[in-house]
Amino acid sequence: MQILSLIRERFESALNGWVKNPLEHVQRITPARDPQHGDYQANIAMPLKAELGKAPQAIAAELVAKLKLDDICEPLEVAGPGFINLRLRNDFLARQLEQSARAERLGIEPATQVKTFVIDYSAPNVAKPMHVGHIRSTVIGDALARILRFLGHRVIADNHLGDWGTQFGMIIYGYKNFVDPSAFQSTPVPELSRLYRLVQTLIGYQESLPKLPFAEKKLAEAQAALVALETSKLDEKQKAKELKAAKKSIDSAQEGLDSLNAKVSPVASNPELVELSKAHEQLEKRCQLETVKLHEGDAENLALWNQFLPLSIQEIEAVYRRLDIKFDHTYGESFYHPMLEGLVQSLVDQGLAVTSEGAICIFLEGFDAPMIIRKSDGAFLYATTDLATIEYRMKHFQPDAILYVVDFRQSDHFQKLFAAARAIGYSNVQLNHVSFGTVLGPDGKPFKTRSGTVLGLEYLLDEAVERAYQAVCDPDRLMKAGLDFTEDDKREIANIVGHGAIKYADLSHNRTSDYEFNIDKMVSLEGNTATYIQYMYARTGSIIRRSEMEVNDANLHEFPIQIQQQAERDLALNLLQFEDALHQVTVEYLPNMLTVYLYGLAKQFATFFEECPVLKAEDQATKRSRLAICYATGKVLRQGLELLGIGVVPRM
RNA sequence: GCCCUCGUAGCUCAGUUGGAUAGAGCAACAGAUUUCUAAUCUGUGGGUCGCAGGUUCGAAUCCUGCCGGGGGUGCCA
């Protein structure tokens, strides 16, 4: 059982019958922020001032007198305005650690109230190459699935594949008109990617070219406005403000012009492409038509779709295999397509959806714009599929919660979707947009593929593995560390370290923040990285191996733990807070709560490693105790990393 | 225009949901090594938590306004 729950229980029984809502107050017992205030602190007395009509210090003193904690804690201490500081007894820590270290699941009991979670994550668009932007959803969703499952919940991992969207119209059109048959024969997936990019480039060109004169005019106007402003006779303050606005509108005009040029110039500079564009005017419309034909069941397009889809999925699955990501279901958009017509009809019949400006809409309280579920041309939208998906999931899985691990830019969409779901009557399910921030490039702007060339996810992973290989398997380092690896060993280590680096870099940021993508830093072997933690894990094993003693769950009772040094105590306390860290993750679905914990634990072990010799310990009892501590640390580090989808190696 | 979101050390980021003197890593500087794997450890310097008010025992955290960045905003996903 987690220590925190244990302490809270004791407080609860002391508060029972004395204050109105003990459970609420007990939540204000937390691990101490500052170790000089003990291990845990109870910030309970201060808010009770009003209810009990006494000074907080007096309340705290009274509470301390009522508490029965002497088997767990040193004598309690009231400090400052009424904090109660708790310090665990060393023998309690040692006993707890012995118990949890030999338990199969580190003593973590499965949840008593098992909940069903559907987690919707990754969701790449098939036929578009996966890139750096797909990392976040995939890795965060996978970590949450692993952690919730470990805590005993029922988890349904569902990959809502984009397999029915407009990109297929583009690829079908590209295939019909631009395919290189021999390339498609030998390497179909890259050829499909090429076709997709070609069509996309041409469409971008056709869209942007006519806008170019307007953008140029807008820029010129903005510049003229600035000049006019500079000579005008406004008062200083007003003028400064307007100058700023004028400069800003120049910047945005410039930016607009630049982005148009970026779409125009790759084609304009290539006569062949210009010819292609001329031969395929209104390309976007043509592609849309192919999409419509597909959706209407056109035999040729459906056959092409059926041919392309498995190829693309194979490609995606190869990435998942590398990353050790597994789903329970992969119900893509196409899976829901047959349900959409009926869904919209029934919403109209119920009066929940109405026709407005030719489109079928759901109007929701608190939103300016409606949620459109059928376009005026009859086509369905993302929102329609999402509603059908909720209906399907509710019917087949009866979830307590559905988590959508999707980019924060879609938060409006999800707010509407959730409001619509409630309006339809799905009230006994928690719908949660587990949103995440943008991956930024070195310029602080959204990470874009470098001018034209796509920085694919596969390339990125290869790069990380290669750098991991160079760093970890540096011959000098291996010699100094006395490590003698075969080439296979090295490759395996590089794989685990490289992939772990990418995942950890993502998971260690608060998911709601943007973060700067920096491959050097990710695969760097210093600081808050997976590699550091993996390294500390390897050291726990290395000590045990060198002791030439067998240490395992079954015989761990022969290695009784005694806590003597500060470093041992800090490490033991840290180890026992693993379960707390996991629960922290689940409160707001923040995997970085676990990375923070693991990094702290790894650092704590490094301190222990420096200060507490194991093999050269002063006596046998100390040696055995410290071996047990190493064993426990290794176990928690390995388990923690595994819950993040990150592996370990015995030596590195 | 309206709505959402962010602003913390030179840089990259945490901050356990309102707790005590705001923390890490990188970079800089000073130490520790015939090692239990130095990919390490110990220490130093570095802050107006964007600004101004408010709420209360107590605010980086909640509320209001302003400044600045990002995103969204009726038929894309």
Side-chain angles (χ1 to χ4, degrees), chain A residues 27-28 30-34 36-37 41 43 45-47 49-50 55-56 79-83 85 123 125 162 165-167 244 333 356-361 367-377 379 381-383 385-386 406-413 415 435 437-438 440 444-446 471-472 474 477-478 480-483 508-510 512-516 518 521 524-529 531-532 534-536 538-539 542-547 577 580-581 583-584 587-588 590 592-593 595-597 599-600 603 606-607 609-617 626 630 651-652:
Chain A
Q27 296 310 309
R28 270 188 296 275
T30 59
R33 288 192 169 219
D34 186 337
Q36 70 173 293
H37 300 131
Q41 58 183 55
N43 312 321
M46 289 83 84
K49 185 180 150 192
F83 295 105
N85 294 333
N125 285 316
T166 46
Q167 81 271 20
K244 210 172 189 178
E333 292 170 324
S356 161
E357 296 174 28
I360 299 179
C361 304
F367 294 91
D368 294 335
M371 183 164 84
I372 298 174
I373 55 172
R374 184 159 206 174
K375 300 202 286 185
S376 46
D377 68 3
L381 298 105
Y382 187 42
T385 311
D386 270 354
V406 181
D407 190 347
F408 80 104
R409 282 174 296 199
Q410 295 187 36
S411 65
D412 267 8
H413 163 74
Q415 278 185 30
S435 72
T438 310
L440 304 173
K445 291 184 175 163
V472 177
D474 173 64
R477 190 185 92 76
L478 292 185
K480 255 165 64 187
L483 295 169
S508 60
H509 291 97
N510 183 312
T512 60
S513 308
D514 297 346
Y515 77 93
E516 189 176 305
N518 183 334
K521 211 163 150 183
S524 152
L525 309 173
E526 297 175 329
N528 186 5
T529 63
T531 317
Y532 177 86
Q534 288 165 326
Y535 173 59
M536 288 305 159
R539 302 228 294 199
S542 164
I543 292 176
I544 295 170
R545 201 166 38 246
R546 285 195 171 234
S547 77
Q577 289 171 339
D580 286 340
H583 284 286
Q584 278 307 328
V587 174
E588 292 289 340
L590 293 170
N592 70 311
M593 294 293 171
T595 63
V596 165
Y597 169 78
Y599 181 54
K603 276 203 297 188
T607 303
F609 186 91
E610 294 290 325
E611 291 179 14
C612 303
V614 179
L615 303 183
K616 296 175 198 156
R626 288 179 179 168
C630 289
R651 300 190 303 155
M652 62 187 273

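Values in this document were obtained by computation on a predicted structure and should not be read as measured data. Reminder, nothing fancy here: chain letters follow the sequence lines and each chain counts from 1.
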Suppose you measure atom [atom1] in [N] against the same atom in [M]; what distance do you get, rounded to whole Å?
| N | M | atom1 | result |
| --- | --- | --- | --- |
| B/A60 | B/U34 | C1' | 49 Å |
| B/G10 | B/A28 | C1' | 10 Å |
| B/G15 | B/C6 | C1' | 16 Å |
| B/U12 | B/G7 | C1' | 15 Å |
| B/G69 | B/C26 | P | 33 Å |
| B/U33 | B/C11 | P | 35 Å |
| B/A24 | B/U37 | C1' | 24 Å |
| B/C2 | B/U55 | C1' | 27 Å |

Under 4.0 Å, heavy atoms only, any strand: does [X] hit a base, just the sugar-phosphate, or nothing?
| X | value |
| --- | --- |
| A/Ala606 | sugar-phosphate |
| A/Thr30 | sugar-phosphate |
| A/Met652 | base |
| A/Asp34 | nothing |
| A/Cys630 | nothing |
| A/Pro370 | base |
| A/Thr512 | nothing |
| A/Val596 | sugar-phosphate |

With a 3.5 Å limit on both atom pairs, tell me what [N] is paired to, counting Watson-Crick and G-U wobble, or say none.
| N | result |
| --- | --- |
| B/G68 | B/C6 |
| B/G1 | B/U73 |
| B/U40 | B/A32 |
| B/A14 | none |
| B/C62 | B/G54 |

Do the non-hydrogen side-chain atoms of [X] and [Y] ever get within less than 4.5 Å of each other?
| X | Y | result |
| --- | --- | --- |
| A/Phe367 | A/Gln415 | yes |
| A/Tyr597 | A/Asp580 | no |
| A/Lys375 | A/Leu381 | yes |

Candidates [options] - which lies nearest the side chain of [X]:
| X | options | value |
| --- | --- | --- |
| A/Arg33 | B/U17, B/A20, B/C41 | B/A20 |
| A/Tyr515 | B/C13, B/U17, B/C76 | B/C13 |
| A/Tyr535 | B/C75, B/U16, B/U40 | B/U40 |
| A/Gln36 | B/U21, B/C41, B/G74 | B/U21 |
| A/Tyr532 | B/U40, B/A77, B/G19 | B/U40 |
| A/His413 | B/U40, B/G19, B/A77 | B/A77 |
| A/Gln41 | B/U16, B/U37, B/G19 | B/G19 |
| A/Glu526 | B/A27, B/G74, B/U37 | B/A27 |
| A/Asn592 | B/U42, B/G71, B/A14 | B/A14 |
| A/Thr607 | B/U42, B/G74, B/C13 | B/U42 |

Are [N] and [X] stacked, with the base six-membered ring and the side-chain ring centres under 5.5 Å apart and planes under 30°?
| X | N | answer |
| --- | --- | --- |
| A/Phe609 | B/C36 | yes |
| A/Phe83 | B/A20 | yes |
| A/His509 | B/A14 | no |

Examine the base of B/G72 for any acceptor or donor lying under 3.5 Å from a partner atom in the side chain of A/Ser411, and report the outcome as yes or no.
no
Please determine whether any donor N or O and acceptor N or O are separated by less than 3.5 Å between the side chain of A/Asp386 and the base of B/A77.
no
CG/A/Asp368: more than 12 non-hydrogen atoms of other groups inside 6.0 Å:
no
Would you find a donor on one side and an acceptor on the other, under 3.5 Å apart, between the side chain of A/Asp514 and the backbone of A/Thr438?
yes
Using only atom types and a distance under 3.5 Å, with no angle test, would you say the side chain of A/Arg626 pairs donor to acceptor with the backbone of A/Pro613?
yes
Ring pair (Phe, Tyr, Trp, His ring centres under 6.0 Å) assessment of A/Phe83 paired with A/His37
CA-CA 9 Å; A/Phe83 295 105; A/His37 300 131; 7.2 Å; no
Counting just side-chain N and O atoms, does A/Asn510 come under 4.0 Å of either OP1 or OP2 of B/G15?
yes
A/Leu615 or A/Glu333: which one's nearest nucleotide on RNA chain B is closer to the 5' end?
A/Leu615
Between A/Asn518 and A/Glu516, is any side-chain donor less than 3.5 angstrom from a side-chain acceptor?
no
